[in-house]
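Values below: every heavy atom of this structure, side chains too, minus hydrogens, waters and symmetry copies. Chain naming here is simple, since letters A, B, ... match the order of the sequence lines and numbering starts at 1 in each.
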2 protein chains.
Amino acid sequence: MSGGVTKGVRVTAHDVAKRAGVSQSAVSRVFTPGTSVSPLMAEKVQKAADELGYRPNVLARSLITGRSRIIGLLVSYLENQFYPEALARLSKAFQAKGYRILVFMVSRDEGETDRVVQDLLDYQVDGIVAASVGLSDDVALKCTRSGVPAVLFNRGQGHPDLCEVTSDNRGGARQVADLFVTSGRERIAHISGWSGSSTARERAEGFKERLAERGTCLFAEACGDFTRDGAVGAARRLFNVPRGERPDAVFVANDHMAFAVMDVLRFELKLQIPDEVSVVGYDDVPMAGWPSYNLTTVSQSLDDMVLATVNQLLARIKKEELPATHERLAGRLIRRGSA
Amino acid sequence: MSGGVTKGVRVTAHDVAKRAGVSQSAVSRVFTPGTSVSPLMAEKVQKAADELGYRPNVLARSLITGRSRIIGLLVSYLENQFYPEALARLSKAFQAKGYRILVFMVSRDEGETDRVVQDLLDYQVDGIVAASVGLSDDVALKCTRSGVPAVLFNRGQGHPDLCEVTSDNRGGARQVADLFVTSGRERIAHISGWSGSSTARERAEGFKERLAERGTCLFAEACGDFTRDGAVGAARRLFNVPRGERPDAVFVANDHMAFAVMDVLRFELKLQIPDEVSVVGYDDVPMAGWPSYNLTTVSQSLDDMVLATVNQLLARIKKEELPATHERLAGRLIRRGSA
DNA sequence: ATCTTATTTGCATACGTATGCAAACGATGT
DNA sequence: ACATCGTTTGCATACGTATGCAAATAAGAT
């Protein structure tokens, strides 16, 4: 169509075929692993392709094969260091398997999530990873009907069609309870995450559960909503009170909030950590190991979670019939200076 | 082909057309904005489409239109809070314009970057954003020849075909020099970024330049490579020396390294900040405002950079002939407690 | 009622690739 | 020499959609 334009010209398999004096199918076969071509043919085609700078059009290929080799990733909370880490490793892991990642940022609004998943399906993604994002039943059904497997990363909702990869939030939280009780803390508080997330609920439940088993109970509780601002507010509500009513230990539902809490305790309320109050987080993000925070926390082994996610998803992409699994990886208490 | 499988069945425009008793073209028009269809037709088609759960196949559409509405994003350094922030905002901004982001993680290895860009081109992306990543001349040429515009985000390399959006690194660094000199610091050091990046070089040059203009010069310098470990090493080399040879001010080439430097100074060397040594960073990531660091730094106005990037890229996607521009946004010194 | 003009619709084809099928080819054995 | 078998190649078609073109229809003007 374009007459003299020198850029923007797409060179197709037909062009290569013409130049090499072979058929378009031959070109296709040379660029499709697992097909049989004679060495001579391969050489001729490669030469012509190199001269023209030909590369197969992945979109056209996807149209036929029905596989785009694209994985959709839903993510929010990127300000929490855990998720950039997860994103980086998921991306690398999928890249290594020949898949690419299409990223969608979503807020906590469920309506938005639904629209975004619909978008992903429109792009014919081969699978979906929802990192810390819930999927409505409606949209989950759409996915399975389209034959697109999905796995929830670090979030569970007990849906039978959805894979889940989480850490053993209850178990992790129980270890924190044990730590506090054993070290003699008496006014034990909890700053919880967003109540709409299973992760937040499980951590809170496991914590209280174990406190009860050890013969004590929660002294105070506030919701931090998994945001920094929320955590700052919660910390003030719990600790900006007369000395006697002040907790002497607090389990914060994730590291991101724990940093905020520590900042409030140290710089606003001038409290000594861990002498006057112990702080424990959850996730073990890299920053937790930095000396400024030196935060005791429960480690989610990110590598294992990523591995499980990738394996599950790719397995279900290969064999649609595979049942959805729920993997729950053990967490490990990392003792540092804050408790 | 498939006989009784209930999932994985793709419903196409033909199916909708058949059910609605119209032609496939009609269906296409109903789902293509800007085409003319009668209200009656629109209603019939919508009804059939809803009943079948039809959604247009974006890949097939792209094949025809030649536009995938996908933007390729190259990113590294996700452990530096600046980039998740940038990623989030770029993603949101492009989403708002109807584009999606295909993310590729790359290391600093140039060979890998080239392969990855080739991958992006294979996916027929409409444009490329390289965040803090350099593009070889070879691969830049390939992009322009394919008609795919690229913009370098927070990195410049003076290539005539590539857009660049950076902050005025020289100017920002000069402000830091002024701050140190004016506040009477006498042994002024610099911890630089990776020397392969223009950002690192410009910050170092601007800093030294201004020091010279103010009649002084650099007391010591070390390379931190833009990594935390690198910065830790650099801080030790510069500061783990007899008291008299110790710098009393240090400009660290970005915030991410500055946090590491502060940790070493405070917790390993027991130095008081800012009394014994001033520390200034660059970027103004959110963490810089947290009381634990309270870091004086140069703000890159991320929103403006993102806006410029999106505008430039979309403009060049619309009109291929537009010349590549180099935007250089002013930075602002944010005075906090560390200097 | 007829002619003109504007609008809506269907037909056919194109986008760039993969793949079943049959023809052509080469090698091997007798 | 021929028959047999395995390999390589080209032909034709399909994937799901957009779009130029012409036919059909509706609307408006005289």
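- If you check every strand for non-hydrogen atoms under 4.0 Å, B:Ser25 touches a base.
- Considering all non-hydrogen atoms of both residues, B:Arg316 and B:Ala150 come closest at NH1-O, 3.9 Å.
- Here A:Lys47 does not pair with A:Glu43 in a salt bridge; the nearest charged N to carboxylate O distance is not below 4.0 Å.
- Here the side chain of B:Ser301 pairs no donor or acceptor atom with the backbone of B:Asp303 at under 3.5 angstrom.
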Taking only Watson-Crick and G-U wobble pairs with both distances under 3.5 Å, what dot-bracket line describes DNA chain C, where [ ] shows pairs that cross earlier ones and | shows pairs with another strand? ||||||||||||||||||||||||||||||

B:Tyr77 and B:Phe82: CA distance, side-chain angles, deciding distance, ring pair (Phe, Tyr, Trp, His ring centres under 6.0 Å) verdict: CA-CA 9 Å; B:Tyr77 302 115; B:Phe82 182 71; over 10 Å; no

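- Side-chain atoms of B:Phe31 and B:Arg61, non-hydrogen and from C-beta on, do get closer than 4.5 Å to each other.
- Rounding to the nearest 0.5 angstrom, the gap separating the CG atom in B:Leu152 from the OG1 atom in B:Thr166 is 9.5 Å.
- If you check residues 15-24 of chain A against DNA chain D, the residues with a heavy atom closer than 4.0 Å are A:Val22, A:Ser23, listed by number.
- A:Gln95 and A:Ser91 are linked by a side-chain donor-acceptor pair at a separation below 3.5 angstrom, with hydrogens and angles left out of the test.
- Defined by atom type and a distance below 3.5 Å, a donor-acceptor pair is missing between the side-chain atoms of A:Ser62 and A:Gln124.
- Scanning DNA chain C 5' to 3' for nucleotides with an atom closer than 4.0 angstrom to a non-hydrogen atom of chain B gives a first and last hit of C:dT8 to C:dG16.
- Within the 4.5 Å cutoff, the side chain of A:Phe104 has heavy atoms near those of the A:Asp119 side chain.
- For the atom pair NZ (B:Lys97) and NZ (B:Lys92), the distance works out to 15.5 Å, reported to the nearest 0.5 Å.
- Between B:Val310 and B:Phe94 the shortest side-chain heavy-atom distance falls below 4.5 Å.
- If you check residues 48-55 of chain B against DNA chain D, the residues with a heavy atom closer than 4.0 Å are B:Tyr54, B:Arg55, listed by number.
- Taken to the nearest 0.5 Å, the CG atom of B:Leu63 stands 7.0 Å off from the CG atom of A:Leu59.
- A heavy atom closer than 4.0 Å to some atom of DNA chain D occurs in A:Arg29, A:Ser36, A:Val37, A:Ser38, these being the qualifying members of residues 29-40 of chain A.
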Got a list of side-chain donor-acceptor pairs under 3.5 Å for residues 126-139 of chain A, not counting sequence neighbours?
| residue | atom | partner | partner atom | Å |
| --- | --- | --- | --- | --- |
| A:Asp126 | OD1 | A:Ser68 | N | 3.0 |
| A:Asp126 | OD1 | A:Ser68 | OG | 3.4 |
| A:Asp126 | OD2 | A:Ser68 | N | 3.3 |
| A:Asp126 | OD2 | A:Arg69 | N | 2.7 |
| A:Ser132 | OG | A:Tyr83 | OH | 2.6 |
| A:Ser136 | OG | A:Asp114 | OD1 | 3.2 |
| A:Ser136 | OG | A:Asp114 | OD2 | 3.0 |
| A:Ser136 | OG | A:Val139 | N | 3.2 |
| A:Asp137 | OD1 | A:His159 | ND1 | 3.4 |

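- Here the side chain of B:Glu112 pairs no donor or acceptor atom with the backbone of B:Val106 at under 3.5 angstrom.
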